[in-house]
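Remember, predicted model here, so these are calculated numbers, not experimental data. The chain is numbered in sequence order, starting from 1.
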Amino acid sequence: MGVLVPDRRHGGDAEQEILCCIRRWIEDKGEGPSVRRLAHAVGMSSTASVAYHLANLERSGALIRDGRGWNTCRLGH
């Protein structure tokens with residue numbers, strides 16, 4: 001298994017872990033996870049912290065939302 005090298009264009013380690021989780025979730029289920037499910041998957045107890053990182057990823061272009069919820073997100077550049 002390869003080593004995940006953080007992509008500093010899209011934040012730190014937590015944001016990279018969130019991106020990886022979203023990528024796997026979309027591959028498995030065809031849509032992004034809810035904030036609560038994402039928090040559980042990456043081991044964060046606060047959904048507000050996950051939402052903060054999601055907003056950063058959206059601002060940087062790493063995520064694009066097609067609707068209001070994060071489960072409508074898709075990966076950006």
Side-chain angles (χ1 to χ4, degrees):
M1 186 166 166
V3 176
L4 177 65
V5 177
D7 181 349
R8 297 296 176 200
R9 293 175 300 167
H10 301 304
D13 294 338
E15 290 175 12
Q16 285 304 303
E17 187 174 359
I18 288 170
L19 272 178
C20 288
C21 182
I22 291 171
R23 181 177 293 115
R24 285 190 308 268
W25 196 282
I26 291 172
E27 288 171 357
D28 292 345
K29 298 178 176 33
E31 67 178 11
S34 68
V35 173
R36 187 173 309 278
R37 286 185 172 168
L38 187 56
H40 179 73
V42 298
M44 290 185 172
S45 59
S46 169
T47 56
S49 294
V50 173
Y52 170 81
H53 290 298
L54 289 170
N56 285 344
L57 290 165
E58 187 176 31
R59 273 192 296 278
S60 73
L63 288 178
I64 300 166
R65 268 196 290 184
D66 294 327
R68 287 184 51 213
W70 286 107
N71 63 333
T72 65
C73 73
R74 56 189 165 89
L75 299 175
H77 52 67

> Looking at T47 and A39, what are the two nearest heavy atoms and their distance?
Replying inline: CG2-CB, 4.3 Å
>> Distance check, rounded to the nearest 0.5 Å: H53 atom NE2 versus D13 atom CG?
In response: 10.0 Å
>> Testing the basics here: between E31 and W25, what is the closest heavy-atom pair and its distance to 0.1 Å?
In response: O-CD1, 2.9 Å
> Quick one: CD1 on I18 to CG on L57, what's the gap to the nearest 0.5 Å?
Replying inline: 6.5 Å
> Taking all non-hydrogen atoms of both residues, which atom of C21 and which atom of L38 are closest, and how far apart?
Replying inline: SG-CD1, 3.5 Å
> For the side-chain contact (heavy atoms from CB on, under 4.5 Å) test, which of V42, I22, D28 pairs with P33?
Replying inline: I22
